[in-house]
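So that the names make sense, note that chain A is the first sequence line, chain B the second, and so on, each numbered from 1. Source: prediction; values computed, not measured. Basis for what follows: all heavy atoms, side chains included, without hydrogens, waters or symmetry-related copies.
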2 protein chains.
Amino acid sequence: MNVSHAARRSGLPAKTIRYYEEIGLIRPDRAANGYRDYSADDIHRLAFLKRARGLGFSIDECRQLMALYGDRGRASHDVRQIARSHVDAIGEKIRELETMRATLTRLIHACHGDERPDCPILDDIAGDVRH
Amino acid sequence: MNVSHAARRSGLPAKTIRYYEEIGLIRPDRAANGYRDYSADDIHRLAFLKRARGLGFSIDECRQLMALYGDRGRASHDVRQIARSHVDAIGEKIRELETMRATLTRLIHACHGDERPDCPILDDIAGDVRH
DNA sequence: ACAGAGGTTCACACTGGCGTGAACGCAGAG
DNA sequence: CTCTGCGTTCACGCCAGTGTGAACCTCTGT
């Protein structure tokens with residue numbers, strides 16, 4: 001199974017698949033003509049990566065999760081730990097974004113938004129807070 | 001005012017300030033010895049950038065906002081437009097993160113988290129959804 | 001006058017997660 | 001046999017900086 005087939009089956013772009021090989025996440029065989037040759041197991045691993053990345057895990061976390069997935073003697077405790085700290089990081093990120101959004105929303109409401117140059121948004125960003 | 005002084009005054013790392021010059025966001029004078037020499041106006045601009053970046057605007061959006069800030073004949077309409085679409089983008093990002101968090105939270109609750117290798121989190125990521 | 005500490009300069013490499021493009025090889029159709 | 005469309009490799013670009021290192025400048029103490 002060559003790279004474009006693997007791309008269709010896994011849902012990842014071919015470029016991404018080659019990148020994952022470059023950084024050692026997967027090691028497909030090579031056919032006689034030099035083409036990458038993906039096994040069903042490789043596809044399974046690619047799908048795993050796609051899903052883990054979709055859940056926001058970093059490449060490094062994916063590496064750990066893959067290692068745990070392949071480790072028959074793993075403790076589910078370890079997986080849970082990775083997932084927990086990732087959830088915490090996501091929560092932190094959400095809080096940051098919500099703070100930004102609240103500030104911006106307030107500024108947008110304060111801005112009349114017409115042809116005049118007066119603009120509370122710019123004034124606030126510039127630190128020229130009057131009133 | 002040299003770069004480390006400008007860093008203290010603006011709250012940005014010196015390295016970031018030099019980077020902003022490299023990409024054309026600010027153009028400080030040079031002293032006779034070749035050192036960068038920041039005016040009060042430059043500091044003001046750096047603080048503007050810090051605040052705009054803190055609100056999540058991209059460098060390119062910051063460039064636009066700076067241009068509008070310096071344009072005495074600007075329409076507040078234009079600024080509001082940039083801010084609005086940024087708020088939309090933030091909202092989109094928050095929704096994505098919340099979806100991730102919900103999925104992960106569900107999986108974490110399903111995982112017993114002990115020394116046994118059985119782990120619903122990995123099974124889900126791998127697509128081995130039983131039950 | 002000179003040593004040493006610390007500030008400043010530039011240039012380059014590196015990050016994550018790919019995207020893009022060149023230059024080439026290989027497979028199947030006509 | 002040639003054409004087209006895949007595949008391959010390599011190299012560079014992107015964002016928004018951060019880290020490293022050599023060389024140069026400035027200040028302070030003796």
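- For Tyr35(B) and dT26(D), the shortest distance from a side-chain N or O to OP1 or OP2 is not below 4.0 Å.
- The separation between Tyr19(B) atom OH and dC14(D) atom P is 10 Å, rounded to whole Å.
- Contact check, Arg8(A) against dC6(D): no side-chain N or O comes under 4.0 Å of OP1 or OP2.
- For Glu22(B) and dG19(D), the CD to P distance is 16 Å, given to the nearest whole Å.
- Across all strands shown, Arg18(B) has heavy atoms under 4.0 Å from base atoms, whether or not it also approaches the sugar-phosphate.
- Remark on DNA chain C: of its neighbouring residues Ile59(A) and Lys15(A), the 5'-side contact belongs to Ile59(A), judged by nearest-heavy-atom nucleotide.
- In this pair, His44(A) and Tyr69(A) present their aromatic rings perpendicular. The plane angle is above 60°, beyond the 30 to 60° band.
- Ionic pairing of Arg27(A) and Glu21(A) is not present here: no N-O contact between side-chain nitrogen and carboxylate oxygen is shorter than 4.0 angstrom.
- Atom CD1 of Ile17(B) is separated from atom C1' of dG7(C) by 14 Å (rounded to the nearest Å).
- Distances shorter than 4.0 Å separate some side-chain N or O of Arg36(B) from OP1 or OP2 on dC10(C).
- The CD atom of Glu21(A) sits 11 Å away from the P atom of dC10(D) (whole-angstrom rounding).
- Look at Arg30(B) and you won't find any side-chain N or O under 4.0 angstrom from OP1 or OP2 of dT8(C).
- The nearest whole Å value for the distance from the NE2 atom in His5(B) to the P atom in dT8(C) is 11 Å.
- For Thr16(B), no side-chain nitrogen or oxygen approaches OP1 or OP2 of dA16(D) to under 4.0 Å.
- Closest approach to the Tyr20(A) side chain among dC18(C), dT18(D), dT9(C) is made by dC18(C) (side chain taken as heavy atoms from C-beta onward).
- Proximity of the aromatic rings of His86(B) and Phe57(B) is defined here by a centroid distance below 6.0 angstrom, and this criterion is met.
- Rounded to a whole Å, the CG atom of Leu46(B) is 16 Å from the C1' atom of dA16(D).
- Counting heavy atoms from C-beta on, the side chains of Asp123(B) and Asp118(B) come closer than 4.5 Å.
- At the phosphate of dT8(C), OP1 or OP2 sits under 4.0 Å from a side-chain N or O atom of Ser4(B).
- For the OP1/OP2 pair of dC25(D) and a distance below 4.0 Å, the side-chain nitrogens and oxygens of Asn33(B) include no atom meeting the criterion.
- Under the 4.0 Å criterion applied to side-chain N and carboxylate O atoms, Glu92(A) and Arg95(A) are assigned as salt-bridge partners.
- When rounded to the nearest whole Å, the span between CD1 of Ile23(B) and P of dG17(D) equals 8 Å.
- Atom pair Met1(A):CE and dC6(D):C1' shows a separation of 17 Å (rounding to whole Å applied).
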